[in-house]
Amino acid sequence: MHTSRMVVLTLALFLLFACPAKQDGALEGTVVPPNSGAKITAMQVGKSPSSIDVNSPDGKFRMTLAPGRYDISVTSSSSPFPMNFPAVIIEPGKTTTLPLIKFTLSPGAAALTGVVSPGAAGTRVALIYEGKERASINTGPEGKYEFMGLPEGRYTVKADLPGYADDAVDLAVTGDQKTAQNIRLIYISSVDGVDWGAGKIRAKGKGLPPATKGNPTIMHEMAKRAALADAQRNLLKILEQIKVDPSHDIKSYLGEKKYSEKIQGFVQGYSVVAERDLGNGAVEVELELPLTGPGGLSRYLAD
């Protein structure tokens, strides 16, 4: 009987201490180069982050984590950019392996700075390099942002503020210079002809040939010219309704004279995305302008 009790007690103690360990999972990976001074940090909402330093000669690491979803950040003294792996799943008793983590850039002396309008605090500004987000910050009360210690290269700066259309700017950073890039976000409102998700403005126009008969080719071109003029007028009507913030449209923001100069120049950058023959010589065209991104309305307002 005494032996049986000892066996039961031993088994209970084994289960008590062994079972929780079996419920943990693991995260592993390899950092290149091994001596990059990398640090692995696993973060969960509402919990303290867990982190380890990568000190092994081959750059390999392994950390034990409770099951769940983690945002993994890898930082290195040899690079100004963290590498982020969002929503990594750790399963009980299993090992999750990250892709090879390769740091190839050395810190530089360049800087990138600017102001995001409307100047609201908390606008998220992300720095993208080679198609990957490398760093992000939230702007201060005046919409200012700054990234320091950048190596030379081409970057994309993306700004995101709830209630406004996301926007991004491509630019080059050279040498040890400070590059300034302001961004003007556009307020999202209900405007027919604006696709806020795609960042496009579209308008249609119709044109009729002259009443007098003539060469068919010339008649078609004259109808198309009339359709283009009609579509441009409709683009201007759409632009008059777009707001830069809840209280100001573009005209009140720029002023009458500046608005006329900038918007007329902007509209001339249209592209024809569709052309239709309506019969009896009538033509319909559809024009498109970029709302955001390169050559977009936001660029005209920020410059």
>> Grouping I, L, V, M, F, W and Y whenever their side-chain heavy atoms are under 4.5 Å apart, do Ile188 and Leu289 come out in a common cluster?
In response: yes
> Is Leu291 reachable from Val273 through a run of I, L, V, M, F, W or Y residues, each pair having side-chain heavy atoms under 4.5 Å apart?
Replying inline: no
>> Minimum heavy-atom separation for Gln23 and Pro67, please, with both atom names.
In response: O-CG, 3.0 Å
> Is any side-chain heavy atom of Glu284 less than 4.5 Å from a side-chain heavy atom of Glu275?
Replying inline: no
>> Quick check: is Leu98 connected to Met43 through a chain of hydrophobic side chains (ILVMFWY, heavy atoms under 4.5 Å apart)?
In response: no
>> I want to check something: taking the side chain as every heavy atom from C-beta on, are Ile250 and Leu297 in contact at a cut-off of under 4.5 Å?
In response: yes
> Which heavy atom of Arg184 sits nearest a heavy atom of Asp167, and at what distance?
Replying inline: O-OD2, 4.0 Å
> When you look at CG of Asn215, are more than 12 heavy atoms from neighbouring residues, nucleotides or ligands closer to it than 6.0 Å?
Replying inline: yes
> Between the side chains of Thr97 and Glu28, is a donor N or O closer than 3.5 angstrom to an acceptor N or O?
Replying inline: yes
> Just by distance, do the side chain of Asn280 and the backbone of Ala282 share a donor-acceptor pair under 3.5 Å?
Replying inline: no
> Rounded to the nearest 0.5 Å, how far does CD of Glu146 lie from NZ of Lys178?
Replying inline: 4.5 Å
> Please walk me through it: do Lys158 and Asp166 pass side-chain contact (heavy atoms from CB on, under 4.5 Å)?
Replying inline: CA-CA 7 Å; Lys158 183 178 180 182; Asp166 296 353; 4.3 Å; yes
>> A side-chain contact here means heavy atoms from C-beta on lying under 4.5 Å apart; do Ile101 and Met83 qualify?
In response: yes
> Once the angle between the rings of Tyr187 and Tyr164 is folded into 0 to 90°, is it parallel (under 30°), tilted (30 to 60°) or perpendicular (over 60°)?
Replying inline: perpendicular
> Does any donor atom in the side chain of Thr292 or Arg299 lie under 3.5 Å from an acceptor atom in the other side chain?
Replying inline: no
> What distance do Lys144 atom NZ and Thr113 atom OG1 have between them, rounded to the nearest 0.5 Å?
Replying inline: 8.0 Å
> So does Arg225 have more than 12 non-hydrogen atoms from other groups sitting under 6.0 Å from CZ?
Replying inline: no
> Does the side-chain contact (heavy atoms from CB on, under 4.5 Å) test come out yes or no for Glu91 and Ile89, once each step is laid out?
Replying inline: CA-CA 6 Å; Glu91 300 183 67; Ile89 303 297; 4.0 Å; yes
> Measuring from Ile90:CD1 to Met63:CE, what's the distance to the nearest 0.5 Å?
Replying inline: 8.5 Å
> Is Val169 linked to Val115 within one hydrophobic cluster, defined over Ile, Leu, Val, Met, Phe, Trp and Tyr using a side-chain heavy-atom separation of less than 4.5 Å?
Replying inline: no
> Do His220 and Val283 pass the side-chain contact (heavy atoms from CB on, under 4.5 Å) test, and can you show the C-alpha distance, the side-chain angles, and the key distance before you say yes or no?
Replying inline: CA-CA 8 Å; His220 175 80; Val283 174; 3.6 Å; yes
> side-chain contact (heavy atoms from CB on, under 4.5 Å) between Ile238 and Val194: does it pass, once the steps are laid out?
Replying inline: CA-CA 8 Å; Ile238 293 172; Val194 177; 3.7 Å; yes
>> With a 3.5 Å distance limit and no angle check, can you tell me whether Asn182 reaches the backbone of Gly114 through a side-chain donor-acceptor pair?
In response: no
> Is there a donor-acceptor pair closer than 3.5 Å between any side-chain N or O of Thr95 and the backbone N or O of Ala26?
Replying inline: no
>> Distance alone, cut at 3.5 Å: any donor-acceptor contact between the side chains of Thr156 and Asp170?
In response: yes
> So Thr64 and Asp24, side chain to side chain donor-acceptor pair (under 3.5 Å) or not? Walk me through it.
Replying inline: CA-CA 7 Å; Thr64 301; Asp24 286 340; 5.9 Å; no
> Any idea which heavy atoms bring Ser298 and Gly293 closest together, and the distance?
Replying inline: OG-N, 4.1 Å
>> Please list all pairs meeting side chain to side chain donor-acceptor pair (under 3.5 Å) that have one or both residues in residues 193-211, counting only residues at least two apart or in different chains.
In response: Arg202-Glu288
>> To the nearest 0.5 Å, what is the distance between CD1 on Ile263 and CG on Leu239?
In response: 5.5 Å
> Donor-acceptor pair, Ser252 side chain versus Asp249 backbone, under 3.5 Å?
Replying inline: yes
>> Against Pro118, only a single residue in Ile186, Val244, Leu161 fulfils side-chain contact (heavy atoms from CB on, under 4.5 Å); can you say which?
In response: Leu161
> Are Glu240 and Arg233 ion-paired here, with the side-chain N under 4.0 Å from a carboxylate O?
Replying inline: no
> Does one hydrophobic cluster hold both Leu171 and Leu150, with members joined at side-chain heavy-atom distances below 4.5 Å?
Replying inline: yes
>> Check this for me: Met219, atom CE, are more than 12 non-hydrogen atoms of other residues, nucleotides or ligands nearer than 6.0 Å?
In response: yes
> Is it true that a side-chain atom of Thr30 and a backbone atom of Gly59 form a donor plus acceptor pair closer than 3.5 Å?
Replying inline: no
> How many angstroms lie between atom CD1 of Ile72 and atom CG of Asn84, to the nearest 0.5 angstrom?
Replying inline: 10.0 Å
> Does CD in Glu221 sit with more than 12 non-hydrogen atoms of other residues, nucleotides or ligands closer than 6.0 Å?
Replying inline: yes
For residues 45-53, tabulate all N or O donor-acceptor pairs below 3.5 Å that involve a side-chain atom, not counting sequence neighbours.
none

>> Does any part of the side chain of Phe85, heavy atoms only, come nearer than 4.5 Å to the side chain of Pro99, both counted from C-beta?
In response: yes
> Does the side chain of Val272 come within less than 4.5 Å of Leu287's, by heavy atoms?
Replying inline: yes
> Does Phe147 reach the side chain of Val125, with side-chain heavy atoms less than 4.5 Å apart?
Replying inline: yes
> Looking at Val116 and Ala159, what are the two nearest heavy atoms and their distance?
Replying inline: CG1-CB, 4.1 Å
> Charged N to carboxylate O under 4.0 angstrom, Glu130 versus Arg154?
Replying inline: no
> For the residue pair Gly122 and Asn138, what are the closest heavy atoms and their distance?
Replying inline: O-OD1, 4.0 Å
> Which pair of non-hydrogen atoms, one from Ala223 and one from Pro209, has the smallest distance, and what is that distance?
Replying inline: CB-N, 3.7 Å
> Got a second to check how far Leu301's CG is from Ile183's CD1, nearest 0.5 Å?
Replying inline: 13.0 Å
> Does Tyr145 have Arg124 sitting over its ring (NZ/CZ under 6.0 Å from centre, angle to axis within 45°)?
Replying inline: no
> Is the shortest heavy-atom distance from the side chain of Lys39 to the side chain of Val54 under 4.5 Å?
Replying inline: no
